[in-house]
Amino acid sequence: MNINTSNNHDNGEQDQKGVSKKRYMPLLLINYTCLFLGSVSSSLLSKYYFNHKGSNKWVSTWVQSAGFPFLLLPVFLPYYLFQCTQRKPFTRFTPRILSLSIFIGLMLGLNNLLFSWGNSYLPVSTSALLLSSQLVFNLILSAIMVKQKITFTNLNCVILLTLSSILLALGSNHDKPQDLTPTKYMIGFVATIGAGLLFALYLPIMEMIYKKVYCYAMMIEMQLVMELSATILASVGMVWDGGFTEMRKESKEVFDKGEGVYWVTMITNVVTWQLCFMGTAGTVFLTCSLTGGICMTALLGLNVLGGVLVYREEFGGVKIVSTVMCGWGFCSYVYGMYVNNHMMKLLDDHKQNINPSIEMAQPQPQPHSDLHLGLGV
């Protein structure tokens with residue numbers, strides 16, 4: 001192995017956050033944008049499908065991951081078409097990473113099914129507020145699995161979101177559709193909580209794996225395999241439930257907006273779900289699992305407002321209080337992050353002022369040019 005290759009390998013093992021802000025911040029903003037657009041749009045479109053007599057839970061599950069072919073573009077085009085990278089796709093994609101990606105993809109597919117099940121029975125606002133409980137699980141699991149430090153702001157956020165979910169559970173039973181039985185409503189309630197728990201488990205697991213991931217391009221490749229696995233699981237469920245012929249039948253005979261609107265809804269849902277999952281994965285890769293959970297929880301408030309504005313769902317006192325408590329918990333966490341980062345910056349400045357000569361003498365690590373973007377390997 002030559003010196004340049006050896007240096008590339010050593011630099012590739014650095015922490016993925018140790019890159020220049022010139023590339024890091026734009027990439028982070030892109031992932032935040034994908035997460036914002038994907039989360040809000042996919043939630044509303046999923047509910048649109050069920051509101052207009054769509055009823056197949058497996059179809060709703062399938063569209064959440066069926067957009068994985070879109071990921072082929074960022075995986076293969078930079079190397080084969082644009083030739084802006086020397087890294088060949090799936091470099092260092094070991095059998096262990098492949099098996100982990102398949103396993104997590106199946107877990108993600110189960111999470112998608114639970115979400116579809118809950119979303120088919122519950123109003124968007126109720127479903128969104130229930131999903132906020134994932135942050136509670138996320139904090140606990142992150143503390144156990146990735147040694148996330150628990151602070152006052154973390155605990156404050158957990159307490160507020162827990163109380164918010166309890167309030168919702170006690171006071172939202174009256175907003176269920178008239179044709180929905182109490183049994184189905186409870187199934188939707190439990191399924192949504194289960195989806196939140198699985199998603200909370202997914203985030204710290206991915207953070208643990210991403211610590212061993214070589215670059216951002218490799219993260220996209222893992223996401224491609226995971227989405228493919230989830231799609232295979234959903235496809236098996238669709239075949240077991242009547243096959244894709246039932247999907248065509250539903251578009252022509254069941255969906256009350258017509259066949260054209262049905263397929264437009266499906267295609268746009270596929271795209272928006274892919275944006276949501278890619279934004280989530282990218283956020284976790286570039287930051288941490290808890291930050292990803294925090295961002296998802298913040299967007300749930302917009303999903304609540306979206307359900308009220310678009311579908312005219314009831315927004316009574318209980319939901320108002322629950323939403324305020326969700327926002328309160330999120331703001332307290334963001335404020336705690338701001339204070340912590342500010343204190344760390346002051347501490348670094350203080351150290352530099354005390355020992356400027358030592359700081360100047362120390363060699364500065366050169367971040368790998370491909371650590372996030374897959375360039376120059």
Side-chain angles (χ1 to χ4, degrees), residues 8-9 12-16 31 58 61-76 78-79 85 87-115 134 137-138 141-142 144-148 194-240 273-274 276-290 292-293 368 370-374 377:
N8 283 343
H9 175 77
E13 298 301 324
Q14 294 175 7
D15 181 11
Q16 54 261 44
N31 281 277
W58 285 109
T61 303
W62 184 79
V63 299
Q64 293 182 51
S65 56
F68 71 89
F70 291 114
L71 298 179
L72 294 173
L73 300 178
V75 168
F76 291 102
Y79 179 79
T85 175
R87 179 185 181 274
K88 190 175 182 178
F90 292 97
T91 299
R92 298 192 185 181
F93 208 86
T94 63
R96 181 174 182 271
I97 292 179
L98 176 62
S99 60
L100 285 173
S101 300
I102 294 174
F103 171 76
I104 295 172
L106 295 175
M107 185 178 74
L108 193 61
L110 178 58
N111 175 81
N112 294 343
L113 175 61
L114 290 175
F115 176 84
Q134 64 90 13
F137 303 132
N138 188 2
L141 293 173
S142 295
I144 296 173
M145 299 173 65
V146 294
K147 310 304 180 183
Q148 173 69 45
L197 177 58
L198 268 180
F199 191 74
L201 180 62
Y202 159 81
L203 292 176
I205 288 178
M206 291 312 303
E207 181 179 352
M208 293 175 63
I209 295 175
Y210 285 159
K211 290 180 179 180
K212 305 297 183 181
V213 168
Y214 175 58
C215 60
Y216 185 84
M218 191 173 181
M219 184 275 294
I220 299 179
E221 293 160 1
M222 288 187 62
Q223 192 69 19
L224 173 63
V225 175
M226 286 188 287
E227 297 289 346
L228 175 60
S229 301
T231 303
I232 292 175
L233 176 64
S235 298
V236 171
M238 287 185 66
V239 173
W240 173 76
W273 272 116
Q274 199 55 233
C276 180
F277 282 123
M278 268 309 303
T280 302
T283 299
V284 173
F285 179 81
L286 295 170
T287 57
C288 67
S289 58
L290 187 57
H368 196 283
D370 183 40
L371 202 49
H372 290 303
L373 303 180
V377 176

### Query
Looking only at heavy atoms, which two atoms of Ser142 and Leu290 are closest? And how far apart?
OG-N, 4.4 Å

Heavy-atom side-chain proximity of [X] to [Y] below 4.5 angstrom:
X	Y	answer
Leu114	Phe199	no
Glu227	Leu108	yes
Val225	Phe93	yes
Val146	Ser289	yes

So, using side-chain hydrogen bond (donor to acceptor under 3.5 Å, both in side chains) as the criterion, who are the partners of [X] when residues are at least two apart?
X	value
Trp58	none
Gln274	none
Asn31	Tyr216
Thr283	none

### Task
Identify, with sequence neighbours excluded, every residue that meets ring-ring contact (aromatic ring centres under 6.0 Å, His included) alongside Tyr79.
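ring-ring contact (aromatic ring centres under 6.0 Å, His included) check on Tyr79 returns nothing, list empty.
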
### side chain to side chain contact (heavy atoms under 4.5 Å, CB included) assessment of Thr280 paired with Met206
CA-CA 10 Å; Thr280 302; Met206 291 312 303; over 6 Å; no

### Message
Determine whether Asn111 and Tyr202 satisfy the following criterion, side chain to side chain contact (heavy atoms under 4.5 Å, CB included), listing intermediate values before the conclusion.
### Response
CA-CA 9 Å; Asn111 175 81; Tyr202 159 81; over 6 Å; no

From [X] [atom1] over to [Y] [atom2], what is the distance, rounded to the nearest 0.5 angstrom?
X	Y	atom1	atom2	result
Met278	Trp273	CE	CH2	15.5 Å
Met218	Leu224	CE	CG	13.0 Å
Leu286	Met219	CG	CE	6.5 Å
Gln223	Leu228	CD	CG	11.5 Å
Phe285	Met222	CZ	CE	10.0 Å

Please list, one pair per line, the donor and acceptor atoms closer than 3.5 Å that link side chains of residues 65-74 to other protein atoms, with sequence neighbours excluded.
{"unit_1": "Ser65", "atom_1": "OG", "unit_2": "Thr231", "atom_2": "N", "d": "3.3"}
{"unit_1": "Ser65", "atom_1": "OG", "unit_2": "Thr231", "atom_2": "OG1", "d": "3.0"}

Can you give me every donor-acceptor pair (side chain of residues 96-106, partner residue at least two apart or in another chain, under 3.5 Å) with its distance?
{"unit_1": "Ser99", "atom_1": "OG", "unit_2": "Pro95", "atom_2": "O", "d": "3.2"}
{"unit_1": "Ser99", "atom_1": "OG", "unit_2": "Arg96", "atom_2": "O", "d": "2.8"}
{"unit_1": "Ser101", "atom_1": "OG", "unit_2": "Ile97", "atom_2": "O", "d": "2.8"}

### Task
Could you list the residues that satisfy salt bridge (Lys or Arg N to Asp or Glu O under 4.0 Å) with Glu221, not counting sequence neighbours?
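Glu221 satisfies salt bridge (Lys or Arg N to Asp or Glu O under 4.0 Å) with Arg87 only.
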
### Task
Given side chain to side chain contact (heavy atoms under 4.5 Å, CB included), test Phe115 with Leu198 step by step and report yes or no.
CA-CA 10 Å; Phe115 176 84; Leu198 268 180; over 6 Å; no

### Message
Under the rule for side-chain contact (heavy atoms from CB on, under 4.5 Å), what residues qualify as partners of Met145, not counting sequence neighbours?
### Response
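Listed in chain order: Leu141, Leu201, Pro204, Ile205, Met208.
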
